[in-house]
Amino acid sequence: MVRQETPDSAAVPRKMGIARWLFNPFVRVGGEQALLIGTAVIVVTGLLAAAGETHFGGLLRLSIGSSVPLWVPVVEGLVIWVVMSVLFVLISLLVAPRSVRPLDIAGTQALARAPLVLLALANLPAPVRDANRETAAAIAEGRLPPQMAASLIAGVVGGVCVVWMVQLMWKAFAVSCNQRGGRAVAFFVAVVITGHLATSFLLMEVFGGLVSSGLPGGS
C-alpha cells in the first residue's frame with residue numbers, strides 16, 4: 001500500500017531543502033495551515049495585480065495593461081481557486097473516495113497559487129506597466145504589439161510562474177489525494193483543462209464589462 005505524503009506521515013522528510021520548499025511544500029504544509037497561508041497569498045496577489053494593472057481571466061490566462069477596480073483580481077483569484085478545488089474534490093471521489101479530506105485539497109490548491117505573487121510583482125514597475133498598456137492598446141486596435149524589453153521580461157517571468165504554479169498544483173493533487181503514475185497525470189490534465197475553460201468562461205461573464213471598460217481606449 002502506498003503511503004500518503006502528508007505532514008503527519010512517517011514519509012515526511014526530517015529536513016526540508018530549498019528545492020522541496022519551492023516545488024513540494026505540501027509534505028510539510030497542509031490542511032488548515034495551507035488554507036490560511038494560501039488564501040492570504042491569493043488576496044495579496046490580487047492586490048498587487050490590481051496595482052500593476054493586470055488581472056486573471058482564467059486559470060492559465062493573464063490580462064495586462066487594463067485598469068480594473070482593486071477588488072476584481074482578488075475575487076478572480078478566489079473564484080479560480082474555488083472552481084479548481086471543487087473539480088479536484090470531485091475527481092478525488094473517483095480516485096480515492098475514502099482517504100481524501102476536502103480541506104486538504106482546498107488548502108494545498110490555494111497554496112499552489114503562490115508563484116503568482118512573483119508574476120504580479122514583475123508587472124508592478126512603471127516601465128512594465130507602460131509597456132503593457134501599449135501592448136494592450138495595440139492588440140485592441142488589431143495591430144502588432146511593439147517589442148518592448150520591459151514587457152518581454154515580465155512576460156517570461158510570468159510564463160515561468162504559471163508553469164511553476166501548475167507544477168505545484170500537480171504536487172498538491174498528488175499529495176492530498178495520494179496519487180501517482182500515468183492515470184493520475186491523465187486525471188490532473190483533464191481537471192486543469194476543464195478548470196481553465198470553466199474559469200475563463202465564468203470570469204468573462206462576470207467581469208467582462210469591467211475589464212473592457214478599463215482597457216486603453218475602452219468606453
Side-chain angles (χ1 to χ4, degrees), residues 2-7 9 20 22-43 45-46 49 55-63 73-120 158-207:
V2 179
R3 287 183 301 179
Q4 185 176 3
E5 285 186 40
T6 66
S9 170
R20 189 177 289 271
L22 290 176
F23 300 110
N24 191 13
F26 312 111
V27 296
R28 282 285 186 187
V29 183
E32 294 86 349
Q33 186 179 17
L35 183 63
L36 181 62
I37 298 173
T39 50
V41 162
I42 292 172
V43 172
T45 300
H55 73 99
F56 309 101
L59 175 64
L60 305 177
R61 178 174 294 164
L62 177 73
S63 297
V74 176
V75 174
E76 286 175 330
L78 292 172
V79 168
I80 294 169
W81 163 58
V82 169
V83 170
M84 297 309 301
S85 296
V86 169
L87 290 175
F88 278 116
V89 168
L90 291 176
I91 207 68
S92 73
L93 297 177
L94 295 176
V95 299
R98 297 183 179 180
S99 60
V100 177
R101 293 196 312 160
L103 177 62
D104 288 329
I105 293 176
T108 54
Q109 289 300 323
L111 187 56
R113 297 184 63 77
L116 296 186
V117 172
L118 296 179
L119 183 154
V160 170
C161 289
V162 170
V163 172
W164 184 8
M165 177 193 71
V166 173
Q167 183 270 335
L168 287 176
M169 290 174 64
W170 158 249
K171 286 296 184 180
F173 171 65
V175 171
S176 61
C177 295
N178 193 23
Q179 295 297 304
R180 304 291 186 276
R183 178 171 175 265
V185 172
F187 278 125
F188 175 77
V189 171
V191 169
V192 168
I193 293 174
T194 302
H196 175 65
L197 294 175
T199 54
S200 298
F201 175 78
L202 181 61
L203 293 176
M204 180 57 67
E205 287 295 313
V206 175
F207 297 124

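Everything quoted here is computed from the prediction, not taken from an experiment.
The shortest heavy-atom contact between Gly58 and Ser200 is CA-OG, 3.8 Å. Arg183 and Leu94 get closest at one heavy-atom pair: NH2-O, 4.3 Å. For Pro73 against Gly46, the heavy-atom pair with the smallest separation is CB-O, 3.4 Å. In terms of heavy atoms, Thr108 sits closest to Val29 at CG2-O, 4.4 Å. Looking at every heavy atom in both residues, Leu35 comes nearest to Thr39 through O-OG1, 2.8 Å. In this structure, Ile105 and Ser85 approach most closely via the heavy-atom pair CG2-O, 3.9 Å.
Residues satisfying the ring-ring contact (aromatic ring centres under 6.0 Å, His included) test with Trp81, not counting sequence neighbours, are none. Every residue two or more places apart in sequence or in another chain that forms a side-chain contact (heavy atoms from CB on, under 4.5 Å) with Thr45 is listed here: Val41, Phe56, Leu116, Val117, Ala120. Applying the ring-ring contact (aromatic ring centres under 6.0 Å, His included) test to Phe201 and every residue at least two apart in sequence or in another chain returns nothing. With sequence neighbours excluded, the residues that form a side-chain contact (heavy atoms from CB on, under 4.5 Å) with Val191 are Met84, Leu87, Phe88, Ile91. Every residue meeting the side-chain contact (heavy atoms from CB on, under 4.5 Å) condition with Val82, not counting sequence neighbours, appears here in chain and number order: Val86. With sequence neighbours excluded, the residues satisfying side chain to side chain donor-acceptor pair (under 3.5 Å) with Arg101 are Asp104.
Proximity of a side-chain donor or acceptor of His55 to a complementary backbone N or O of Ser63 within less than 3.5 Å is not detected.
Within the 4.5 Å cutoff, side-chain heavy atoms of Arg113 are placed close to those of Leu59. The closest side-chain heavy-atom distance from Val100 to Ser176 is not below 4.5 Å.
To the nearest 0.5 Å, the span separating SG on Cys177 from CZ on Phe188 amounts to 11.0 Å. Summarising the geometry, atom CG belonging to Leu36 is positioned 10.0 Å from atom CD belonging to Glu32; distances are rounded to the nearest 0.5 Å. Here Gln109 contributes atom CD and Ile42 contributes atom CD1; the two are 10.0 Å apart, rounded to the nearest 0.5 Å.
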Using residues 160-175 as the side-chain source, report each donor-acceptor pair under 3.5 Å to any protein atom, sequence neighbours left out, with the distance given to one decimal.
| residue | atom | partner | partner atom | Å |
| --- | --- | --- | --- | --- |
| Trp164 | NE1 | Leu22 | O | 2.9 |
| Gln167 | NE2 | Phe23 | O | 3.0 |

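When Thr199, Thr194, Leu78 are each tested for a side-chain contact (heavy atoms from CB on, under 4.5 Å) with Val83, only one passes: Thr199.
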